[in-house]
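First comes the structure, then the notes that go with it.
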Amino acid sequence: MRINKRTTSELVIYRSSDRKALVVPLTLLGITLLGAIFVVSSGRVPASGFLFLAALGAYGLSMVYGVLQSETLTLDKTADEVRCDRKTLLGTKRWQLPLSTLQTVSVGKFKRRYKKANGNLATRWSYNLTFITNDDQKKETPYYNDGESVDTALQTIKEFLGPLTT
C-alpha cells in the first residue's frame, strides 16, 4: 500500500498488483496448456489426465485472479465518504461508507500455520484495514502480507481524520 494523494480534504491510498507473483501461476497455466496439447495430439484422452489438467488449470487461473487485483482506497471529506475500488479480472468491485459515521479504523492481523518442505512449522501473517461505523457496519480491505505498509496506511488515515467520535 502506498499513499498516492494527500490533501486537506482527500486521502488516496493505492495497492497495485504484484507482477512478480505471476511467475508460479503462469507456469502452472503453461504446463496445463502443454499437457492439453499432448493429450489432444496423442488421440487418447484418459479421464484421470483430463481431470488433473482441469484442476491444475483452475488452480492456476484462481492464482492469476488473486495476483492481478489492485485497489484504491479513498477518504474524501468533501463527499463525506470512504470508498474502496478493487479492480479484478472480472471488473471493478466497490464498497463505500459515510465518512461522518466512521467510528474506528484498525488493522486486523491473522496468522496461518503451515508446514514447510523440510517438515518444520512456519507462520504466515496477513493484515487488513477494518472500518467500523456507528451503526456497526463493518468493511474490510483484502489481506496483505506487508504489515509495515498497512500500519503506515493506518497512521496516515488517523492523521487525516483526526479524533473520531466514539
Side-chain angles (χ1 to χ4, degrees), residues 1-29 32 55-117 120-166:
M1 298 181 91
R2 72 172 198 264
I3 311 304
N4 255 15
K5 179 181 175 185
R6 183 176 182 183
T7 64
T8 57
S9 64
E10 186 178 43
L11 174 65
V12 179
I13 300 172
Y14 181 72
R15 180 189 64 93
S16 63
S17 57
D18 184 11
R19 305 284 186 211
K20 290 182 262 180
L22 279 172
V23 172
V24 172
L26 291 179
T27 302
L28 290 176
L29 291 174
T32 303
L56 189 65
Y59 183 64
L61 285 174
S62 70
M63 288 176 70
V64 167
Y65 177 77
V67 168
L68 290 180
Q69 291 186 13
S70 66
E71 179 182 63
T72 304
L73 182 64
T74 306
L75 288 85
D76 190 349
K77 289 181 180 177
T78 307
D80 188 37
E81 70 179 2
V82 177
R83 183 178 60 248
C84 181
D85 297 316
R86 188 178 325 144
K87 293 181 182 173
T88 68
L89 292 174
L90 301 176
T92 300
K93 297 177 182 179
R94 172 182 282 183
W95 61 259
Q96 58 189 30
L97 296 169
L99 187 62
S100 59
T101 64
L102 198 58
Q103 182 178 5
T104 185
V105 181
S106 62
V107 172
K109 295 181 182 181
F110 306 93
K111 72 177 181 178
R112 184 180 142 251
R113 301 280 292 169
Y114 65 96
K115 191 178 272 191
K116 294 176 15 178
N120 294 336
L121 290 176
T123 303
R124 176 171 290 146
W125 289 92
S126 299
Y127 308 87
N128 72 343
L129 289 172
T130 304
F131 298 86
I132 300 176
T133 63
N134 292 337
D135 59 351
D136 290 331
Q137 188 177 5
K138 180 178 175 181
K139 297 290 184 179
E140 296 178 337
T141 60
Y143 299 111
Y144 309 106
N145 293 329
D146 181 15
E148 193 172 312
S149 70
V150 175
D151 286 336
T152 303
L154 177 65
Q155 278 307 116
T156 306
I157 289 170
K158 286 186 175 185
E159 289 170 7
F160 175 75
L161 294 175
L164 293 171
T165 60
T166 55

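Predicted, not measured: the structure shown is a model, and the values here were computed from it.
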Interatomic distance, CZ@Phe131 vs CG@Leu99, rounded to 0.5 Å, equals 9.5 Å
Test applied, side chain to side chain contact (heavy atoms under 4.5 Å, CB included); reference residue, Ile157; option that passes from Ile13, Val82, Leu102
Ile13
Contacts of Asp135 meeting side-chain hydrogen bond (donor to acceptor under 3.5 Å, both in side chains) (sequence neighbours excluded), chain-then-number -> Thr133
CG of Leu121 to CZ of Arg113: how many Å apart, nearest 0.5 Å?
5.0 Å
Heavy atoms from other residues, nucleotides or ligands near CD of Glu148 exceed 12 (cutoff 6.0 Å):
no
How many angstroms lie between CE in Met63 and CG in Leu28, if you round to the nearest 0.5 Å?
6.0 Å
So with a 6.0 Å cut-off around OH of Tyr59, is the heavy-atom count from everything else above 12?
no
Checking Glu10 against Thr74 for the side-chain contact (heavy atoms from CB on, under 4.5 Å) test, could you report, in this order, the C-alpha distance in whole Å, the side-chain angles of both residues, the deciding distance, and whether it holds?
CA-CA 7 Å; Glu10 186 178 43; Thr74 306; 3.6 Å; yes
Residues Ser70 and Tyr14: closest non-hydrogen pair is CB-OH, 3.7 Å
Thr92 and Asp85 side chains, donor-acceptor separation under 3.5 Å:
no
May I ask you to check whether over 12 heavy atoms, not counting those of Lys87, lie within 6.0 Å of atom NZ?
no
Identify the two heavy atoms, one from Thr78 and one from Ser9, that lie closest to each other, and give their separation to 0.1 Å.
OG1-CB, 3.5 Å
Output for pair (Glu71 CD, Leu129 CG), nearest 0.5 Å, gives 8.5 Å
Starting from the C-alpha separation in whole Å, work towards a yes-or-no answer on side-chain contact (heavy atoms from CB on, under 4.5 Å) for Tyr65 and Leu90.
CA-CA 9 Å; Tyr65 177 77; Leu90 301 176; 3.9 Å; yes
Check Leu73 against Cys84 and note the closest heavy-atom contact, atom names and distance.
CD1-CB, 4.0 Å
From Lys158 NZ over to Leu154 CG, what is the distance, rounded to the nearest 0.5 angstrom?
4.5 Å
Gly60 to Pro25 - nearest heavy-atom pair and separation
O-CB, 3.6 Å
May I ask you to test the Tyr127-Asp151 pair for a side-chain heavy-atom distance under 4.5 Å?
no
Residues in side-chain hydrogen bond (donor to acceptor under 3.5 Å, both in side chains) contact with Glu81, at least two apart in sequence or another chain
Arg83
Give the C-alpha distance, both sets of side-chain angles, the deciding distance and a yes or no for side-chain contact (heavy atoms from CB on, under 4.5 Å) between Arg15 and Gln69.
CA-CA 9 Å; Arg15 180 189 64 93; Gln69 291 186 13; 4.0 Å; yes
Thr141 OG1 to Arg86 CZ distance, which is reported to the nearest 0.5 Å
8.0 Å
Identify, with sequence neighbours excluded, every residue that meets side chain to side chain contact (heavy atoms under 4.5 Å, CB included) alongside Leu26.
Leu22, Leu29, Val64
Between Arg124 and Tyr114, is NZ or CZ placed under 6.0 angstrom from the six-membered ring centre and within 45° of the ring axis?
yes
